[in-house]
Amino acid sequence: MAAATLPPRTAEPTTLAGLGRALVQHQILRVDQAGTIQRKADAANVAFIDELIAGGHMQARQLAKFAAEVFGHPLLDLSAIDPASLPDDALDRKLATEVRVVALGKRGGRISVALSDPTDFRLLDRIRFSAQATVDPIVVEHDKLTRMVERLGQSVAEKLGDLVDDSYDIDVASEEPSAPADTSEVDDAPVVRFLQKILVDAIQAGASDVHFEPYEKFYRIRFRVDGELREMVQPPLAIKEKLASRIKVISRLDISEKRVPQDGRMKIVLSNQRAIDFRVSTLPTLFGEKIVMRILDPSSARLGIDALGYEPDQKQLLLDAIRRPYGMILVTGPTGSGKTVSLYTCLNILNQPGINISTAEDPAEINLPGINQVNVNDKAGLTFSAALKSFLRQDPDVIMVGEIRDLETADIAIKAAQTGHMVLSTLHTNDGPTTLTRLANMGVAPFNIASSVILITAQRLARRLCACKQPLEAGHAALLEAGFLESDLDGSWVPYRPAGCERCGGSGYKGRVGIYQVMPISEETQKIILAGGNALQIAHQAQAEGVRDLRRSGLMKVMQGMTSIEEVLGVTNE
């Protein structure tokens, strides 16, 4: 290999060695050029190859081809290598960073190493001694090698230092008294700051959950924002154990137990006026512990019923029901549909000095002063049914059961509703009519259902359109097919579609709005229940009484410009 114009061949200086000598011998550089480069490299305390490329005397690709041809080593394009696929234990990471090489693999007594200067025999000797293996050099481009080494060789602290912002000064506190714990694994300031930054970012983004997920080749953190999971960052895989330990310590979990799931709580104090609770759940997976943190913002329960998205007639039905002296109100829907916020909003309305309110939850998600909240603990024998029995001996006016899961809990709750108490609870069902049949399937007698349940509200959460929304050109037939009535299409409104802007992150949606089916239990509905009627019969009766189903309620939100047709069709799924 030679340059376009070959310089005259002269004897190289005796101080020139390795790559510089080879370049002179093959007439790529003149002796004086090579000597000048060597002197500048010595003065700057860098390698000859650094000065050679930095000074523009040769391109990295040209030099790599030359070294591979002259010294008989393979040539590799390092950009084709996935850093995650490289072995972690083939060569000491500190040494690899120091001497700027990348270990590509080790088998038996041989180690393959990517390097840019195969003439550096002292470097090869150090690798051979450290790895206790014969070194097989593979030539790569110097600039790509430098970038790869920097990427692989950064310590966890250095990487996290780029991700955290020291301007955050938040206090992490547990709700329980401090217990002795071995925190030697987690006394890592960068990891602590990184976790704090992640949690503050999640709060500011309006996330409902934070997912820490370890995999074989990478580690990722995702936020659930407006019901959708979004990947936020992929921190170094090496921090997964420290991050999990840190979360478990502040959540008062056993950091030594990694084989079984654990549940805990923690709190971030943002200021004197605001603190955010987190419900923490760990789950052993193939490649480490997955941790999900549910963000529980107490301020969400104080937004008021008007902020939840009930239509005026639905709101009035609900308010009338919760102000009755006794009976059962059930809130239904899938996980993440906002049932807890709806229940706490009702409790907040009822929370007056003259009313005794007790709740049994698993766990208590939002702390409301003035309400007696109990965390059920099945292992200790404090089940929902046991808590309910105790409540009835404590002169309650209002009882809230986090979830009716079995016949025993349902029976006690219904008896409480029949004997002068207001009972609020949740069930995981699709809509109001199926809630009544679900209770019957549990084994609750139809008479008890008809005489205790006074109202059911089924709900979903739909993403709210951002201010960047744009009108949707939809045909008359398409709107009718979506579920709109002929009377709706009077030209007084237009449907909107998501557009996307910087404020909403390009999704076209910002925040969420509730879609509700509020179904009071009328005398006619009670007759159907007593006769053993099915959900379809109950649904027809509710429709005849003017109860809107979830799809119809969602379409009303479309008519009001709050959400899009496709969003309503997606969340109601009827």
Side-chain angles (χ1 to χ4, degrees), residues 160 163-165 167-168 170-173 191-214 219-235 239-240 243-244 246-248 250-251 263-271 274-283 289-303 307-309 333-342 344 363 365-367 459-466 498 500-514 563 567 570-571:
L160 295 182
L163 295 172
V164 301
D165 183 350
S167 63
Y168 292 103
I170 61 179
D171 179 30
V172 181
V191 171
V192 172
R193 294 198 306 271
F194 175 63
L195 176 61
Q196 292 179 347
K197 171 87 165 52
I198 287 294
L199 298 183
V200 170
D201 285 350
I203 294 167
Q204 292 176 341
S208 60
D209 302 88
V210 184
H211 294 240
F212 299 84
E213 301 172 317
Y219 185 63
R220 72 179 177 184
I221 297 174
R222 296 191 291 175
F223 293 172
R224 187 177 292 279
V225 180
D226 295 340
E228 288 193 334
L229 279 171
R230 303 176 185 176
E231 183 173 315
M232 305 308 295
V233 66
Q234 285 195 15
I239 76 165
K240 65 179 183 181
L243 202 53
R246 174 62 182 168
I247 294 172
K248 289 164 76 174
I250 59 180
S251 304
D263 294 301
R265 289 178 70 94
M266 59 162 284
K267 178 187 291 186
I268 285 187
V269 181
L270 296 175
S271 66
R274 191 180 183 200
I276 305 293
D277 293 314
F278 290 80
R279 190 177 71 195
V280 181
S281 173
T282 72
L283 179 69
E289 287 182 286
K290 174 179 177 177
I291 298 176
V292 177
M293 305 180 74
R294 169 68 58 89
I295 300 175
L296 309 170
D297 189 351
S299 62
S300 62
R302 302 185 180 94
L303 294 175
L308 299 184
T335 301
S337 60
K339 299 188 299 295
T340 299
V341 172
S342 293
Y344 275 102
E365 296 194 357
I366 298 174
N367 179 26
Q459 63 185 73
R460 301 288 189 277
L461 288 177
R463 289 180 295 170
R464 189 188 293 267
L465 284 168
C466 179
C501 65
E502 184 176 345
R503 181 173 177 267
C504 61
S507 68
Y509 297 97
K510 185 72 174 176
R512 290 194 286 179
V513 63
T563 189
E567 183 69 8
V571 299

Inset, instruction - State, with a plain yes or no, whether a side-chain heavy atom of Asp277 is found less than 4.5 Å away from one of Arg279. - result: no
Inset, instruction - For the residue pair Ile247 and Phe278, establish whether any side-chain heavy-atom pair is separated by less than 4.5 Å. - result: no
Legend entry - Stepwise side chain to side chain contact (heavy atoms under 4.5 Å, CB included) check, Arg265 with Leu296: CA-CA 10 Å; Arg265 289 178 70 94; Leu296 309 170; 3.9 Å; yes
Legend entry - Distance, nearest 0.5 Å, that separates CD of Gln196 from CD1 of Ile268: 7.0 Å
Inset, instruction - Go through Glu228 and Tyr509 one step at a time and tell me if the side chain to side chain contact (heavy atoms under 4.5 Å, CB included) criterion holds. - result: CA-CA 11 Å; Glu228 288 193 334; Tyr509 297 97; over 6 Å; no
Inset, instruction - Taking the side chain as every heavy atom from C-beta outward, state whether Phe223 and Asp209 have any pair of such atoms under 4.5 Å apart. - result: no
Inset, instruction - Heavy atoms only: give me the nearest Ser251-Val280 pair and the separation to one decimal. - result: OG-CG2, 3.3 Å
Legend entry - From Glu231 atom CD to Glu213 atom CD, the distance as rounded to the nearest 0.5 Å: 8.5 Å
Inset, instruction - Locate the shortest heavy-atom distance separating Ser342 from Gln459; write the atom from each residue and the value. - result: OG-OE1, 2.9 Å
Legend entry - Minimum heavy-atom distance Lys290-Pro214, with the two atoms named: CA-CD, 3.9 Å
Legend entry - From CA spacing to verdict: side chain to side chain contact (heavy atoms under 4.5 Å, CB included), Thr340, Arg294: CA-CA 12 Å; Thr340 299; Arg294 169 68 58 89; over 6 Å; no
Legend entry - Minimum heavy-atom distance Ile295-Ala207, with the two atoms named: CD1-O, 3.3 Å
Legend entry - Separation of Ile198 CD1 from Ile203 CD1 (nearest 0.5 Å): 11.5 Å
Inset, instruction - Can you measure from CG (Leu465) to NZ (Lys510) and round to the nearest 0.5 angstrom? - result: 13.5 Å
Inset, instruction - Give, for atom NZ of Lys197 and atom CD of Gln204, the distance between the pair rounded to the nearest 0.5 Å. - result: 8.0 Å
Inset, instruction - Supply the atom-to-atom distance Met266 CE to Leu199 CG, rounded to the nearest 0.5 angstrom. - result: 5.5 Å
Legend entry - Non-hydrogen side-chain atoms of His211 and Leu229 separated by less than 4.5 Å: yes
Inset, instruction - Would you please test Phe212 and Glu289 for side chain to side chain contact (heavy atoms under 4.5 Å, CB included) and show each step? - result: CA-CA 8 Å; Phe212 299 84; Glu289 287 182 286; over 6 Å; no
Inset, instruction - May I ask you to decide if Asp263's main-chain N or O and Ser281's side chain share a donor-acceptor pair within less than 3.5 Å? - result: no
Inset, instruction - Determine the minimum heavy-atom distance between Gly338 and Leu461, stating which atoms define it. - result: N-CD1, 3.9 Å
Legend entry - Where Arg460 and Pro334 come nearest, the two heavy atoms and their spacing: NH1-CD, 3.4 Å
Legend entry - Heavy-atom side-chain contact between Ser507 and Arg230 under 4.5 Å: yes
